[in-house]
Undergrad: 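Questions regarding the structure given below will be posed in turn.
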There are 2 protein chains.
Amino acid sequence: MAMPLAKTFSALADPNRQIIIDLLKRGEQSASAIGRQLDITPPTLSHHLDVLKRADLISGRRQGQQIFYSLNFSTVQEISEKIVKFLKIKK
Amino acid sequence: MAMPLAKTFSALADPNRQIIIDLLKRGEQSASAIGRQLDITPPTLSHHLDVLKRADLISGRRQGQQIFYSLNFSTVQEISEKIVKFLKIKK
DNA sequence: TTATTATTTAGATAGTTATCTAATTATCTA
DNA sequence: TAGATAATTAGATAACTATCTAAATAATAA
């Protein structure tokens, strides 16, 4: 996917988006289910989901009226490794 | 130090600051030495160094007219672990 | 078809941030 | 002390972002 690290860090820099990531670790959830745990309006939630999607951190699939969001596990894994590598001190 | 993760991610989200981190992995450098590799004015550099300092990622020590900046290795290590933990999927 | 629910898109706004120029502070040297 | 160099602070500005309300789209149910 070759997502630049800056975009990833920006996506992760918002507290509400961190909570969303945290929620999705337990498994997929509909947008409204996420929203119920976040004290923001649906449009704001939609914006945050969009940022996370564009950073390739999450994906959504529509099922009926709802859209279920889930973590992109492989991307998260990749990012985690990339960050560790970036922060690793060269001796 | 208990630096909130959001602040760390914000600090790391800027390309110029990523370059600074990268440069300092090789060892300490004066502000002007960093600046020569960055195509920004001294005040802008100063701003970025300040952001990184406030995120506890770097420290500066004055030696004569120059201020030498270096990575806070232990903080970087801590942060790296914290990020891995944050991105770790609970089974 | 009409109403209801779920979500997104459009548009506006307030707050934040990256950047610059100009001025200031700190240190060294002649 | 005066001048030069290194870095920061002050102040302005343009771009970006998180948020909201209102409107639009999508899917379901009556």
Side-chain angles (χ1 to χ4, degrees), chain A residues 3-24 26-72 86, chain B residues 3-24 26-72 86:
Chain A
M3 191 63 52
L5 211 44
K7 197 169 192 169
T8 303
F9 282 129
S10 298
L12 295 173
D14 181 271
N16 280 320
R17 289 197 290 268
Q18 286 180 18
I19 294 172
I20 294 171
I21 295 283
D22 228 44
L23 290 173
L24 294 182
R26 275 88 176 213
E28 69 174 10
Q29 291 197 40
S30 68
S32 50
I34 296 169
R36 257 174 264 125
Q37 304 165 76
L38 272 181
D39 205 38
I40 52 178
T41 61
T44 299
L45 172 61
S46 213
H47 159 70
H48 286 309
L49 293 171
D50 189 51
V51 172
L52 292 171
K53 260 185 289 179
R54 280 189 278 102
D56 200 37
L57 282 159
I58 65 171
S59 301
R61 68 177 181 87
R62 182 177 279 278
Q63 186 176 14
Q65 288 162 284
Q66 306 179 77
I67 296 178
F68 284 85
Y69 285 92
S70 55
L71 273 189
N72 289 346
F86 170 65
Chain B
M3 190 64 51
L5 211 44
K7 195 169 194 168
T8 303
F9 282 129
S10 298
L12 296 173
D14 180 89
N16 280 321
R17 289 196 290 268
Q18 285 181 18
I19 294 172
I20 295 172
I21 295 282
D22 228 44
L23 291 173
L24 294 182
R26 275 89 175 213
E28 69 174 10
Q29 290 196 41
S30 68
S32 49
I34 296 168
R36 259 175 261 123
Q37 306 165 72
L38 272 181
D39 205 39
I40 53 177
T41 61
T44 300
L45 173 60
S46 214
H47 160 69
H48 287 308
L49 292 171
D50 190 52
V51 172
L52 291 171
K53 260 184 292 179
R54 279 189 279 100
D56 201 37
L57 282 159
I58 67 172
S59 301
R61 68 177 180 89
R62 181 177 280 276
Q63 186 175 15
Q65 286 161 286
Q66 305 179 76
I67 295 177
F68 284 86
Y69 284 93
S70 55
L71 273 189
N72 290 344
F86 170 64

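In what follows, every chain begins at residue 1, and chains take the letters A, B, ... in the order their sequences are listed. Basis for what follows: all heavy atoms, side chains included, without hydrogens, waters or symmetry-related copies.
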Undergrad: Between the protein and nucleotides 19-23 of chain D, list the N/O to N/O atom pairs that are separated by less than 3.5 angstrom.
TA:
from	atom 1	to	atom 2	distance (Å)
D:dT19	OP1	A:N16	ND2	3.2
D:dT19	OP2	A:H48	NE2	2.3
D:dC20	OP2	A:T41	N	3.1
D:dC20	OP2	A:T41	OG1	2.9
D:dC20	OP2	A:T44	OG1	2.6

Undergrad: B:Q18: what forms a side chain to side chain donor-acceptor pair (under 3.5 Å) with it, not counting sequence neighbours?
TA: none
Undergrad: Between the side-chain atoms of A:Q65 and the base atoms of D:dT28, is any donor-acceptor pair under 3.5 Å?
TA: no
Undergrad: Report yes if some heavy atom in the side chain of B:L12 is under 4.5 Å from a heavy atom in the side chain of A:L12; otherwise report no.
TA: no
Undergrad: At under 4.0 Å, does any side-chain N or O of B:S30 touch on OP1 or OP2 of D:dA6?
TA: no
Undergrad: Would you say a side-chain N or O of B:R62 is under 4.0 Å from OP1 or OP2 of D:dT8?
TA: no
Undergrad: For B:L49 and D:dA6, what is the distance between atoms CG and P respectively, to the nearest whole Å?
TA: 15 Å
Undergrad: Could you check how far CD of A:Q29 sits from C1' of C:dT7, rounded to whole Å?
TA: 16 Å
Undergrad: Measure CD/A:Q18 against P/D:dA18 and give the value in whole Å, please.
TA: 12 Å
Undergrad: What is the separation between atom CZ on B:R54 and atom C1' on C:dA18, rounded to the nearest whole Å?
TA: 13 Å
Undergrad: Take the protein atom CG of B:L38 and the nucleotide atom C1' of D:dA7, then report the distance between them rounded to whole Å.
TA: 15 Å
Undergrad: Working to the nearest 0.5 Å, report the span between CG of A:L23 and CD of A:Q29.
TA: 5.5 Å
Undergrad: Should A:S32 be listed as having a side-chain N or O under 4.0 Å from OP1 or OP2 of C:dT7?
TA: yes
Undergrad: As an exercise, state the distance from CD1 of A:I67 to OG of A:S59, rounded to the nearest 0.5 Å.
TA: 12.0 Å
Undergrad: Measure the distance from CD on B:Q63 to P on D:dA7 and round it to the nearest whole Å.
TA: 11 Å
Undergrad: Could you please name the partner base of C:dT1, counting Watson-Crick and G-U wobble pairs only when both distances are under 3.5 Å?
TA: D:dA30
Undergrad: Distance check, rounded to the nearest 0.5 Å: B:D22 atom CG versus A:F86 atom CZ?
TA: 5.5 Å
Undergrad: Return the CZ to CD1 distance between B:F68 and B:I34, rounded to the nearest 0.5 Å.
TA: 10.0 Å
Undergrad: Over how many whole Å does the gap from B:I19 atom CD1 to C:dA18 atom C1' extend?
TA: 14 Å
Undergrad: Is A:Y69 touching bases, backbone alone, or none of the nucleic acid, heavy atoms closer than 4.0 Å?
TA: sugar-phosphate
